[in-house]
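Taking it in order: structure first as structure tokens, then the write-up.
All chains are named by letter (A, B, ...) in the order of the sequence lines, taking the proteins before the strands, and each is independently numbered beginning at 1. Worth saying up front: this structure is predicted, and the values here are computed from it rather than measured.
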Amino acid sequence: MKTIIKIDPMTRIEGHLDIEAVIDNKKVVEAKSKGTLYRGFEQILTGRNPIDAVQITQRFCGVCPTPHAIASSQALDNAFGVMPPDNGRIIRNIMQGSNYIQSHILHFYHLASLDYYRGPDIPPFVPRYEADYRVPETVREKLVEHYIEAYQIRLKAHELCAIWSGKMPHMASITPGGVTIIPRIDNITTSLWRLKELTDFIDNVYIPDVITVGQIYRDYFQIGKGCGNYLSFGLFDLDSEPEVTKRKRFFQMARMSKEKVYPVDVNQIAEDVKYSWYDSSSHKHPRQGDTTPNPDKPGAYSWLKAPRYNGESYEVGPLARLKIAYETRSNPKINQLIDETLNKLQVGSDELCSVMGRHIARALECKVVADEITGMIMQVKLEEPVCVPHQIPDSGEGMGLWDAARGALGHWIEIQNQKIARYQAIVPTTWNASPKDDKGQAGPIEEALIGTVIDDTNNPFELARIVRSFDPCLACAVHLAEIGKSEKTFRVI
Amino acid sequence: MSLKKSISRREFMRWAAGVPLAAGMSVHFFPRLAQALEEAVKEYPLIWMQNSTCSGCSVSVINTIHPSIKNVILEQVLPGHQLILSYHGTLMAATGSMSLDAARETARKYQGKYVLIIEGAIPTKQEGIYGYIGEEEKPITMLQWVKRLAPNAMAVLAVGTCAAYGGVSAADPNPSGSMGAQEVFQMLNINTPHINIPGCPCHPDWFIGTVAKILLYGMPKEKELDQYGRMKLFYGRSIHNRCMNRDYMDEGIFAENFGEEGCLLELGCKGPFTSADCPVRLWNGGVNWCIAAGSPCIGCTEKGFPDQHSPIYQRR
Ligand code: SF4
Ligand code: SF4
């Protein structure tokens, strides 16, 4: 007998998302990932002054405004023909690094971890659904303590960002051509000491906690594999090469398919809309894409489009970045860190492509990033320029490619009469939570759900764990119904 | 379904400073609430609805330092006063319909006694189909949630500029027909007392300050609010009047390009048209604020944000 499960809504993610899964004989045979909020940013941006994009696009996401500010600034750098001086480049990297740390810590403790242990018995920790909470009491007490501590720690990461950006969320001090903040010696010292506190927490609390949860939920290294393709646009500019695809980056721009790494050809990216509530034409490169909403479109089920690379779905995020780094051995320290951790866990590198693997990848990346920006802070040069002046051209085009904490992010701008003529963005969750494409291929989260064995259809916590491991930036729904009859819905979790 | 108890008395003492909970007490929806009646601790259930929002206001509010977010959600935020966060999509443990049942249950049980917090603008085009949270027979739109929850709340707090006035979510051409709470209340004839706490995002001190005021002194009097429904305490004076760059302005030193010293007026600063206490309160634990980072005030606490302040980086 086939059954449809809906989680309605899925909480502890950022934004609004629904998941629907068809279950046959305890196994997920089909899954639908549905974005349930349309905000219309592309339309809002059209006709505005191009530079305003840096502020408006940050409001896509209050958890990670930083990458939007940076990707839009890069698109404008590109369209205006300017490149930030070293200080500008480095300070943008520091802002981004601190946002990664904030986002990763928030994700593990405050969004995901409550799937694995019971919190205190007061709201917002109750009510809670029943699941196979397996952590022993002593571990549970520690995790709850760390949940609280993590609130205070992530706040330090926000402070670290604000030291350079003016405020967080929503940064002030970024502009095409660089940044606006004039660095002072006290910015450097106070940043380093905050980073020290953050690094202590990551090394001594965050990573050990993820490893502990990983050991207890070892089976989750087998669950939620995903599509097996990985894409990253790269992170941290190390030089000032004007062509963004050729720029040297700490995490390089690359993609991985069937365990092999390839360069990224941006022209291979297209967005399908057959199953999205848009009347826009399908299979368009984001540079030509348009956005005409139609909430009544037959067959459609999501406000997200379906981006594909060369017709295939790609997972983006910490796992993608780390897999590419590991495979290319671009940084021996990363390989060593991954090997050590896999050893401790007694799992193979292939098992990283899983629910627990994503949590592990996020935690390890958090450490790598914290170390990296510690070095960068020392490279900031007082008395040197932070930006170059820019002029808005009559017309032009620009592209910004960058990796947000949750994965590959692209911004594309077209300018006419010194105004925004077209603006399109593909955000990480659009890759991960995309609906089916024109050919009917599932998106990465959908793919990760398919095949999952659901122990108890009245309590399908497995699905919630899979979805949250992707750190989707959107609230969810799982419905239960018997196929072939009129939809009978059991509200279960 | 059964919800198992899982807390020791010692632990609870730690979280709930001074408000003990009998260990082994069976937990239904809100165990603390039942107990509060006995102990005369006033408890205020909060339902926090996230609508068309980037969640930045939630992220900002959890940045509160003194009190910490732990003090705010797990302890008596003020002696004898405790907030109970019954529903918050991003922070609560429950998921699926159980999470929404918590909101429904609170609204039913504590009619006229809960505080509704609205974050984000409310899409209204085509009856609000552009944004929904959960489903019954059909998707439940954010607009329907407001209709259900706002009329019976003790008070409504519109947190952030989107919730207060529409903000970026309602920026021209406003494709989803989004509106701030005030406008939706007018449209629907909802008369629940409400306060705006704008900002993109809302500063944690503005939120905690407004809440504390309500807990200790009740809803602010009319004279304590400005014409935009904000507490004068936080929004009563302009950015420009207390700006650190006033000396530059008085001396005629204006920055012509970003990264230069000087008043930022020529680079589009909206400080003269914006009311908030950022220059003295500062952001993120006092480490910085927009203008100290060399960036103009973009007017994020104002009703006209962003449209009336656009182009953002041009002198108005
Ligand atoms: S920087 Fe802005 S707020 Fe400050 S003095 Fe100049 S115009 Fe006024
Ligand atoms: S200085 Fe202006 S833009 Fe910055 S937070 Fe305050 S009101 Fe908003």
Comparing B:N257, B:T64, B:L282 against chain A, the one with the most heavy-atom pairs below 4.5 Å turns out to be B:N257

Scanning both residues in full, the closest heavy-atom pair of B:Y313 with A:I174 reads OH-O, 4.4 Å

Any side-chain heavy atom of B:P175 within less than 4.5 Å of one from A:Q43?
yes

Under 4.5 Å from any heavy atom of chain B - which part of A:Y147:
side chain

Checking the side chain of A:T180 only, and the main-chain atoms of B:A293 only, is there a donor and an acceptor separated by less than 3.5 Å?
yes

Measuring from atom OG of B:S169 to atom CD1 of A:I44, what distance do you get when rounded to the nearest 0.5 angstrom?
7.0 Å

Report the distance from atom CG of B:N284 to atom CG of A:L155, rounding to the nearest 0.5 Å.
7.5 Å

Under 4.5 Å heavy-atom distance to chain A, tell me which part of B:E261 shows up: side chain, backbone, both or neither.
both

Which atoms of B:S58 are under 4.5 Å from chain A, going by heavy atoms: the side chain, the backbone, both sets, or neither?
neither

Does atom CD of B:E127 have more than 12 heavy-atom neighbours, drawn from other residues, nucleotides or ligands, at distances under 6.0 Å?
no

In this structure, NZ of A:K156 is separated from CG of B:N63 (nearest 0.5 Å) by 12.0 Å

Give the member of A:P389, A:C64, A:G47 that has the highest number of heavy-atom pairs under 4.5 Å with chain B.
A:P389

Are the side chains of A:V386 and B:E260 in contact, using a 4.5 Å heavy-atom criterion?
no

Would you say A:K419 has more than 12 foreign heavy atoms packed within less than 6.0 Å of its NZ?
no

Mind ranking A:C161, A:S165, A:A172, A:P169 by heavy-atom pairs under 4.5 Å with chain B and telling me who comes out on top?
A:P169

Which pairs count as salt bridge (charged side-chain N to carboxylate O under 4.0 Å, His left out) when at least one residue sits in residues 158-172 of chain A, sequence neighbours excluded?
A:E159-A:R194

Hey, are the side chains of B:S310 and A:R48 touching, using non-hydrogen atoms and a 4.5 Å cut-off?
yes

Does any heavy atom of chain B fall under 4.5 Å from the side chain of A:N87, the backbone, both, or neither of them?
neither

Spacing of B:F258 atom CZ and A:T175 atom OG1 [to the nearest 0.5 Å]:
4.5 Å

Quick check on B:I73 against chain A: is it the side chain, the backbone, both or neither that has a heavy atom closer than 4.5 Å?
both

Region of A:L106 in contact with chain B, defined by heavy-atom distances below 4.5 Å
side chain

Quick one: CD1 on A:I392 to CD on B:Q314, what's the gap to the nearest 0.5 Å?
6.5 Å

Between A:C387 and B:G259, the two heavy atoms sitting closest are SG-N, 4.4 Å

Smallest separation among heavy atoms of B:V287 and A:A162, with atom names
CG2-CB, 3.8 Å

Those residues at least two apart in sequence (or on a different chain) that pass ring-ring contact (aromatic ring centres under 6.0 Å, His included) with B:H309 are none

Does A:R59 use its side chain to pair, donor to acceptor, with the backbone of B:C200 at less than 3.5 Å?
yes

Structural part of A:Q58 lying under 4.5 Å from a heavy atom of chain B:
neither

Taking the side chain as every heavy atom from C-beta outward, state whether A:W164 and B:N288 have any atom pair closer than 4.5 Å.
no

With side chains defined as the heavy atoms from C-beta onward, is the minimum distance between A:D52 and B:P306 less than 4.5 Å?
no

Pairwise side-chain contact, A:H110 with B:I62, heavy-atom cut-off 4.5 Å (strictly under)
no

In Å, rounded to the nearest 0.5 Å, how long is the span from CD1 of A:I122 to CD1 of B:I84?
6.5 Å

